[in-house]
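The structure under discussion appears below in the form of structure tokens.
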Amino acid sequence: MSIPHFRSADFAACSADRKAIPPAKVTLSHLQEKKRVGQPITALTAYDYATARLVDEAGIDMILVGDSLAMVIMGLDSTLAVTVDEMLHHTRAVRRAVRRAVLVADMPFGSYHASVAEGVSNAVRFVKEGGAEAVKVEGGRSRLELVERLVDAEIPVIGHVGLTPQAVHRMGGYAVQGKTLRAIDELTRDSIALEHAGASLMVLEGIPREVAQRITAELTIPTIGIGAGPDCDGQILVFHDLVNLSFSKPAKFVRHYGDAAALYRTAIEGYRDDVAQRAFPSDAESYHLATEERLALEKLNEELHAGKLAVVR
Ligand code: KIV
């Protein structure tokens with residue numbers, strides 16, 4: 001990367017009037033500066049080239065190749081089974097599309113749980129083979145050593161606390177977390193400890209608004225909420241939830257900004273009907289011979305028809 005790509009001055013120069021010029025390439029430092037100047041951070045998941053292009057071209061700040069792909073892309077009923085190789089496959093596709101946003105890869109269940117060394121090797125793969133600019137790991141204080149080692153290895157880390165889907169069995173389902181004073185204290189301590197260990201950002205998922213507000217105020221690094229209310233420094237949604245393509249009852253925090261299911265259904269059914277009625281493709285949608293070859297072929301067909309020529313088989 002050449003010097004002109006480092007555009008960190010963009011935000012600093014404008015922070016006096018609390019407005020920022022969108023940078024040509026967003027970095028984690030830009031996102032931290034956004035928190036400082038009070039500008040909301042926008043984030044979405046993406047799992048393939050086409051949607052990642054649309055998300056990036058819309059100017060979304062951060063794109064996460066989330067392990068939620070296990071559910072919305074692979075049709076599994078939890079995130080637990082997706083592998084590092086499967087996540088890498090999608091990360092590479094998204095990498096080819098993303099020019100501007102910060103690209104984050106989610107470390108899947110089992111890729112950092114057995115040992116810190118294994119976690120670092122897997123994270124290195126996401127950077128080297130997937131082109132990720134940061135990795136996300138779920139969990140609180142039990143991840144401190146991992147976060148420190150990743151930062152030592154020059155890999156920026158996004159923390160993720162609250163409703164952490166990889167802990168579905170420990171949590172006994174996908175329930176809102178942080179509802180007692182004790183749980184709030186634990187979550188706050190987890191978040192502060194992860195920041196001190198070197199995390200660059202913190203995802204807060206499925207916690208009461210008041211708790212997210214408290215953690216956001218305690219942390220210097222930005223918080224990105226999903227089901228954590230409007231007081232976080234930014235918001236993230238699963239792309240398929242945004243466009244009604246999840247085939248599940250939407251959670252309370254999901255807002256549909258479009259109806260891709262309806263759009264796709266109309267297109268698929270229209271195609272099916274046109275093919276069934278020979279209305280697709282039309283002559284205008286077909287390739288044609290040049291006049292000379294067409295006339296020669298017509299003549300040949302006539303002679304064949306008249307029995308003047310034998311068909312060569
Ligand atoms: O996997 C995912 O999509 C996530 C987001 C919900 C933050 O972790």
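It should be emphasised that the depicted structure is a prediction, and the values quoted were computed from it without experimental measurement.
Y264 and T266 share no side-chain donor-acceptor pair at under 3.5 Å. Residues E285 and S282 have side chains that bring a donor and an acceptor to within less than 3.5 angstrom of each other. Neither side chain, D106 nor H160, offers a donor N or O lying under 3.5 Å from an acceptor on the other. Looking at S78 and Y174, their side chains never bring a donor and an acceptor atom within 3.5 Å of each other. Side chains of S246 and D241: a donor-acceptor N/O pair is present below 3.5 angstrom, by distance only. Side chains of T51 and D48: a donor-acceptor N/O pair is present below 3.5 angstrom, by distance only.
Within 6.0 Å of NE2 in H288 there are more than 12 heavy atoms belonging to other residues, nucleotides or ligands. No more than 12 heavy atoms of other residues, nucleotides or ligands lie within 6.0 Å of CD in E145, so this atom counts as exposed by the packing criterion. Heavy atoms of other residues, nucleotides or ligands lying less than 6.0 angstrom from CZ of R92 number more than 12. At most 12 heavy atoms of other shown residues, nucleotides or ligands fall within 6.0 angstrom of atom NE2 in H89. Within 6.0 Å of CZ in R272 there are more than 12 heavy atoms belonging to other residues, nucleotides or ligands. For D77, the CG atom sits in a loose shell: 12 or fewer heavy atoms of surrounding residues, nucleotides or ligands are nearer than 6.0 Å.
A 4.5 Å side-chain heavy-atom check between M74 and V82 finds at least one atom pair inside the cut-off. Counting only heavy atoms from C-beta outward, the side chains of I63 and L44 never approach each other to under 4.5 Å. Annotation: side chain of F239 is not in contact with side chain of L245 (no heavy-atom distance under 4.5 Å). Residues T79 and L69 fail the side-chain proximity criterion, which asks for heavy atoms closer than 4.5 Å. Inter-residue side-chain proximity for F126 and L88 is flagged as met; some heavy-atom pair is nearer than 4.5 Å. Inter-residue side-chain proximity for T164 and E205 is flagged as unmet; no heavy-atom pair is nearer than 4.5 Å. Contact of the L28 side chain with the E133 side chain is not registered, since no non-hydrogen atoms from C-beta on lie closer than 4.5 Å. Counting heavy atoms from C-beta on, the side chains of T216 and D231 never come closer than 4.5 Å.
Across all their heavy atoms, V161 and G139 have their closest contact at CG1-O, 3.8 Å. Contact record, G225 with A228: CA-CB, 4.1 Å, taken as the closest heavy-atom pair. The shortest non-hydrogen separation linking A132 to A105 is CB-CB, 3.7 Å. Closest heavy-atom contact between D190 and G140: CG-CA, 3.5 Å. Minimum heavy-atom separation, I207 to G162: CG2-CA, 3.7 Å. A pairwise comparison of heavy atoms in A123 and L150 identifies CB-CD2, 3.4 Å as the closest pair.
No chain of hydrophobic side-chain contacts below 4.5 Å, direct or via other Ile, Leu, Val, Met, Phe, Trp or Tyr residues, connects L54 to V94. V72 and L80 sit in two unconnected hydrophobic clusters of ILVMFWY residues. Membership requires side-chain heavy atoms under 4.5 Å apart, directly or through other members. Residues M202 and I192 are members of one and the same hydrophobic cluster, defined by side-chain heavy-atom contacts under 4.5 angstrom among Ile, Leu, Val, Met, Phe, Trp and Tyr. A continuous path of Ile, Leu, Val, Met, Phe, Trp and Tyr side chains, each step under 4.5 Å between heavy atoms, connects V116 with I155, placing both in one hydrophobic cluster. A continuous path of hydrophobic side-chain contacts links V104 to V124 [ILVMFWY only; heavy atoms under 4.5 Å].
Under a 3.5 Å cut-off, the side chain of R214 and the backbone N or O of T188 do not form any donor-acceptor pair. Checking side-chain atoms of E57 against main-chain N and O of V55 turns up no donor-acceptor pair under 3.5 Å. The backbone N or O of A101 lies less than 3.5 Å from a partner atom in the side chain of K25, making a donor-acceptor pair. S111 contributes a side-chain N or O that, together with a main-chain N or O of P108, makes up a donor-acceptor pair within less than 3.5 Å. A distance-only check finds no donor-acceptor pair linking the side chain of E303 to the backbone of E298 [under 3.5 Å].
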For a side chain to side chain contact (heavy atoms under 4.5 Å, CB included) check, start with the C-alpha distance between L163 and V176, then their side-chain angles and the critical distance, and finish with the verdict. CA-CA 6 Å; L163 193 172; V176 173; 5.6 Å; no
Side chain to side chain contact (heavy atoms under 4.5 Å, CB included) evaluation trace for L237 with F253: CA-CA 9 Å; L237 276 181; F253 59 83; 3.9 Å; yes
Show, in sequence, the C-alpha distance, side-chain angles and deciding distance for E118 and Y112, and conclude whether the side chain to side chain contact (heavy atoms under 4.5 Å, CB included) test is met. CA-CA 6 Å; E118 198 185 1; Y112 57 95; over 6 Å; no
Going through the distances and angles, do L201 and L31 end up as a side chain to side chain contact (heavy atoms under 4.5 Å, CB included)? CA-CA 8 Å; L201 247 75; L31 302 187; 4.2 Å; yes
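Here R96 pairs with nothing under the salt bridge (charged side-chain N to carboxylate O under 4.0 Å, His left out) rule; sequence neighbours left out.
Looking at D56 and R99, no side-chain N of the basic residue comes within less than 4.0 Å of a carboxylate O on the acidic one, giving no salt bridge. We find that E148 and R143 are not joined by a salt bridge, their nearest charged nitrogen and carboxylate oxygen being 4.0 Å or further apart. With salt bridges taken as basic N to acidic carboxylate O contacts below 4.0 Å, none links E269 and R265. The pair R36-E33 meets the salt-bridge criterion, since a charged nitrogen lies less than 4.0 angstrom from a carboxylate oxygen. Under the 4.0 Å criterion applied to side-chain N and carboxylate O atoms, R141 and E186 are assigned as salt-bridge partners. Classification of D61 and K34 as a salt-bridged pair holds, one side-chain N sitting under 4.0 Å from a carboxylate O.
Atom CG of residue D233 and atom CG of residue L219 lie 8.5 Å apart, to the nearest 0.5 angstrom. Note that the NZ atom of K179 and the CD1 atom of I184 stand 11.0 Å from one another [nearest 0.5 Å]. Atom NE2 of H30 is separated from atom CD1 of I41 by 12.0 Å, given to the nearest 0.5 angstrom. A distance of 12.0 Å separates CG of D67 from NE2 of H90, quoted to the nearest 0.5 Å. Interatomic distance, CG of D85 versus OG1 of T91, reported as 11.0 Å (0.5 Å rounding). For the atom pair CD (E218) and OG (S191), the distance works out to 9.5 Å, reported to the nearest 0.5 Å.
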Output side-chain donor-acceptor pairs under 3.5 Å for residues 193-200, partner residues at least two apart or in another chain, one line each.
residue : atom : partner : partner atom : Å
E195    : OE1  : T220    : N            : 2.9
E195    : OE1  : I221    : N            : 3.2
E195    : OE2  : T220    : N            : 3.3
E195    : OE2  : T220    : OG1          : 3.1

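Aromatic pair H240/F247: centroids not less than 6.0 angstrom apart.
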